[in-house]
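Report on the structure given below.
What's counted below: heavy atoms across the whole structure, side chains too, no hydrogens, waters or symmetry copies.
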Amino acid sequence: MRIATWNVNSIRARLDRVTAFLARHDIDVLAIQETKCRDDQFPHLPFEAAGYEVAHVGLNQWNGVAIVSRVGISEVEVGFEGMPGWGDPVNAEARAISAVCDGVRVVSVYVPNGRSLEDPHMAYKLDWLSRLRDHAATRLDVSPDEQVVLMGDWNVAPQDEDVWSMAFYENRTHVSEPERAAFRAVVDAGFSDVVRPHTPGPGVYTYWDYTQLRFPKAQGMRIDFALGSPALAARVTGAFIDREERKGKGASDHAPVIIDLA
DNA sequence: ATGGTTGTCCTACAA
């Protein structure tokens with residue numbers, strides 16, 4: 001089985017690219033982030049025509065996450081127990097959705113950006129990650145043999161080699177110790193990075209800013225990850241990042257990350 | 001050319 005994750009930066013703007021990607025790589029399940037649409041705006045028909053079922057949550061023009069699967073999709077959960085909210089008044093955002101696809105619980109996550117180290121959004125980001133860890137750890141405690149993959153845009157570069165320049169990121173988000181500790185806590189709860197062993201760095205990235213010619217200059221960040229429970233990790237036979245999808249007209253600023261399961 | 005982005009509820013804001 002082949003599972004992928006991709007921050008598409010608008011599913012409507014990226015529709016042709018996404019459906020072509022599914023076909024080109026023979027993808028069974030795709031976790032999508034930043035659909036940037038409400039449920040009623042999601043383009044269900046093109047996916048159904050290609051043989052995929054869709055689970056999506058989108059509340060407005062921001063965020064929005066989905067799972068599309070051609071191997072079944074059941075036990076859909078929007079958000080997760082204890083997921084923090086944002087805004088005034090505080091409301092849940094469309095940043096997590098999960099479903100069981102052919103025996104694997106796929107969780108599509110779009111971790112809050114943080115905006116700046118001092119911004120209230122950073123505290124939200126850290127709380128969100130902490131609550132995700134707690135939820136995932138609890139689930140794993142109850143069902144240690146469950147196949148779970150937490151995949152998506154984590155908005156954290158866990159290691160120095162995951163950014164093109166640590167000097168550039170000094171006093172910026174994504175590389176701060178609290179963010180890295182929050183990411184590490186999820187790993188320490190039993191969810192290992194199943195992609196890095198197959199795509200060693202340095203210089204391996206999943207995101208390149210649209211501005212400043214970051215992609216042609218190879219100035220990116222590795223911030224999109226698939227973290228697997230022990231039972232899931234044991235099935236992983238390979239993984240790759242499709243840099244080709246960052247090229248050309250109409251590209252997302254993120255590249256898809258693909259994993260293969262035995 | 002001292003800049004050079006993209007998406008959305010599009011001229012503001014998020015990333």
Side-chain angles (χ1 to χ4, degrees), chain A residues 5-21 31-44 46 56-66 84-96 108-129 151-158 162-165 168-176 179 182-183 205-225 241-257:
Chain A
T5 182
W6 194 4
N7 179 323
V8 299
N9 186 21
S10 169
I11 190 61
R12 288 174 293 175
R14 221 67 65 206
L15 182 58
D16 291 347
R17 277 217 182 225
V18 173
T19 52
F21 166 78
I32 304 173
Q33 300 85 41
E34 277 208 271
T35 59
K36 285 187 165 178
C37 68
R38 299 185 307 268
D39 290 341
D40 63 285
Q41 296 172 309
F42 191 97
H44 286 264
H56 173 257
V57 57
L59 305 174
N60 49 41
Q61 73 271 46
W62 308 122
N63 316 305
V65 286
W86 174 253
D88 184 15
V90 173
N91 279 306
E93 295 189 303
R95 293 184 177 275
S108 178
V109 300
Y110 178 43
V111 176
N113 175 283
R115 298 182 184 168
S116 76
L117 294 180
E118 310 76 20
D119 196 290
H121 210 259
M122 176 57 69
Y124 171 49
K125 176 182 194 172
L126 296 175
D127 189 33
W128 203 94
L129 278 167
M151 61 196 324
D153 177 359
W154 294 76
N155 270 317
V156 177
D162 296 335
V163 296
W164 63 275
S165 164
F168 177 82
Y169 283 101
E170 188 176 1
N171 295 321
R172 292 176 192 255
T173 62
H174 293 62
V175 302
S176 74
E179 289 167 273
F183 181 88
Y205 309 126
T206 65
Y207 162 87
W208 298 260
D209 198 303
Y210 281 127
T211 67
Q212 307 295 326
L213 301 173
R214 292 295 186 214
F215 183 67
K217 291 182 185 169
Q219 297 175 337
M221 310 172 80
R222 191 203 286 251
I223 56 175
D224 299 87
F225 297 95
I241 298 161
D242 186 10
R243 276 184 80 262
E244 297 302 308
E245 281 297 348
R246 186 59 181 80
K247 299 179 179 176
K249 191 168 179 287
S252 168
D253 42 3
H254 292 253
V257 180

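Note: CE (Met221(A)) to P (dA15(B)) measures 14 Å, nearest angstrom. The interatomic distance linking Leu213(A) (CG) with dT2(B) (P) rounds to 14 Å, in whole Å. Asn60(A) has its CG atom 13 Å from the C1' atom of dG7(B), to the nearest Å. Distance Asn7(A) CG to dT5(B) C1': 15 Å, rounded to the nearest Å. Protein atom NZ of Lys36(A) is 15 Å distant from nucleotide atom P of dC13(B), rounded to whole Å. In this structure, Gln212(A) atom CD and dA1(B) atom C1' are separated by 13 Å, rounded to whole Å. To the nearest angstrom, P of dG7(B) lies 12 Å from CD of Glu34(A). Rounded to whole Å, the distance from CG on Asp209(A) to P on dT6(B) is 11 Å.
Rounded to the nearest Å, the gap between the C1' atom of dG4(B) and that of dC9(B) is 28 Å. dG3(B) and dT8(B) are spaced 28 Å apart, taking the P atom of each and rounding to whole Å. Rounded to a whole angstrom, the distance from the P atom of dG7(B) to that of dT2(B) is 25 Å.
OP1 or OP2 of dC9(B) sits under 4.0 Å from a side-chain N or O of Gln41(A). Under 4.0 angstrom from either OP1 or OP2 of dG7(B) there lies at least one side-chain N or O belonging to Arg14(A). OP1 or OP2 of dA15(B) sits under 4.0 Å from a side-chain N or O of Arg115(A). Between dT8(B) and Ser10(A), a contact under 4.0 Å exists linking OP1 or OP2 to a side-chain N or O. Side-chain N/O atoms of Arg12(A) include none lying less than 4.0 angstrom from OP1 or OP2 on dT6(B).
When atom types are taken as modelled, the side chain of Arg95(A) and the backbone of Tyr110(A) share a donor-acceptor pair closer than 3.5 angstrom. Judged purely by atom type and a 3.5 angstrom limit, Arg12(A) uses its side chain to pair as donor or acceptor with the backbone of Lys36(A).
For Ala13(A), the listed nucleotide lying nearest its side chain is dT8(B); candidates were dT8(B), dT5(B), dA15(B).
Partner of Ser176(A) under the side-chain hydrogen bond (donor to acceptor under 3.5 Å, both in side chains) criterion, out of Arg172(A), Glu179(A), His174(A): Glu179(A) alone. Results of the side-chain contact (heavy atoms from CB on, under 4.5 Å) test with Ser108(A) over Met151(A), His56(A), Gln33(A) single out Gln33(A) as the only residue that passes.
Position along DNA chain B of the nearest nucleotide to His254(A) versus Gly250(A) favours Gly250(A) as the more 5'-ward residue.
Ionic pairing of Arg214(A) and Asp209(A) is not present here: no N-O contact between side-chain nitrogen and carboxylate oxygen is shorter than 4.0 angstrom.
Residue contacts shown for Phe215(A) are absent, as no nucleic acid heavy atom lies under 4.0 Å away.
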